[in-house]
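Here is the structure we will look at.
FYI, the numbering just counts along the sequence from 1. These values consider heavy atoms only, across backbone and side chains, with no hydrogens, waters or symmetry-generated copies.
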Amino acid sequence: MSTIQQEIQKRILVLDGAMGTMLQRHNFSEEDFRGEQFKDFPHSLKGNNDLLSITQPKAIREVHAQYFEAGADIVETNTFSSTTIGMADYHLEDLVYELNYQSAKIAREVADEFTAKNPNKPRFVAGSIGPTNRTASMSPDVNDPGFRAVTFDDLRIAYKHQVEALIDGGCDLLLVETIFDTLNAKAALFAIEEVKEERNIDIPIMVSGTITDASGRTLSGQTVEAFLISISHIPLLSVGFNCALGADQLKPYLKRLARNTSLNISAHPNAGLPNAFGQYDQSPEEMQELIREYLKENLVNIIGGCCGTTPEHIKLIAEAASEFKPRMSENIVLPIT
């Protein structure tokens, strides 16, 4: 089977859409989240979507299959919050290895089924590594700007546990995503490099930041260019942006990224901006037209969807992507080395 590095030279690769959006359709109850294994667990578990890889694996399997069916080349594991730091909210820190391993295993099995059906379109599994709910760059206490709720080392250790389990479960690549604080991401990248060195392996890495608003900066205050420079010391498969913004709001920042790097570029925007009820109203057709503009302007190598996107969105995005060649980087004006 060809590698993702080979496939990304041939065509624009399609990433899946939102996992949470699809799981919300099930309206899972507290009992559903608990399953048999956590029936008597003393704390509430409702809302812990990552846990569903253990308690409702069939639902997770179906989501992956629907995205592959829609034309995705890459699905993300259901592990966005699966670190000891993220799971502390649910008192499930001891479950982190199993959560990541099982999520990766489910995605791997579904990917292999689809690759077997069509070997000319190999499917890949990206281990999803979220940002945690803490920030290493800023204080959560306005009265004590020097205070930090987490240290770099805390993050490095937490990410390392996650990375080891994702690799053991069968991931093809790792996706450090929804980065609002680049120092958190640097801890994740440091942990990945540690694991690579210890195991004498190489695994492709995608990095995807989040521009939080019209200021064009990440939550911790970095511009597009500063973000790019601060993660360019690691060999990466791609760099890009996801979440926070819809495809039209994200476009100017992707253009800035494209002007400044020879790396592959990824984007998985939201289905527009949330409405007053926190829901996403952008239709698959509307999103397809906006994504088509990315493709016409030669901005991306990997394209998918974040919050609010469904297999219907990904199907139309995949159709549009198939009409264009992947981004070539010969027009760079400011290479980052």
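At a cut-off of 3.5 Å, with distance as the only test, no side-chain donor of N78 or S103 sits close to an acceptor on the other residue. A donor-acceptor pair shorter than 3.5 Å can be found between the side chains of S2 and E7. Using modelled atom types and a 3.5 Å distance limit, the side chains of D32 and S29 yield a donor-acceptor pair.
Put simply, the side chain of Q279 does not reach to within 4.5 Å of the side chain of P274, judged on heavy atoms.
Cluster membership check: I231 shares its hydrophobic cluster with V300, using side-chain heavy-atom separations under 4.5 Å among Ile, Leu, Val, Met, Phe, Trp and Tyr.
Within the model, atoms NZ of K251 and CZ of R256 stand 15.0 Å from one another, a figure rounded to the nearest 0.5 Å. In this structure, CD1 on I74 lies 14.5 Å from OH on Y67, to the nearest 0.5 angstrom. Considering CD1 of I4 and OG of S238, their distance stands at 8.0 Å, rounded to 0.5 Å.
Remark: T55 engages F38, L51, L52 in a side chain to side chain contact (heavy atoms under 4.5 Å, CB included) (not counting sequence neighbours). Applying the side chain to side chain contact (heavy atoms under 4.5 Å, CB included) rule to Q222 yields the partners T182, T218, A226, F227, S230; only residues at least two apart in sequence or on another chain are considered. For R134, there are no salt bridge (charged side-chain N to carboxylate O under 4.0 Å, His left out) partners, not counting sequence neighbours.
By the 30° and 60° cut-offs, the orientation of the rings of H91 relative to H43 is parallel.
The nearest pair of heavy atoms linking R123 to T115 is N-OG1, 2.9 Å.
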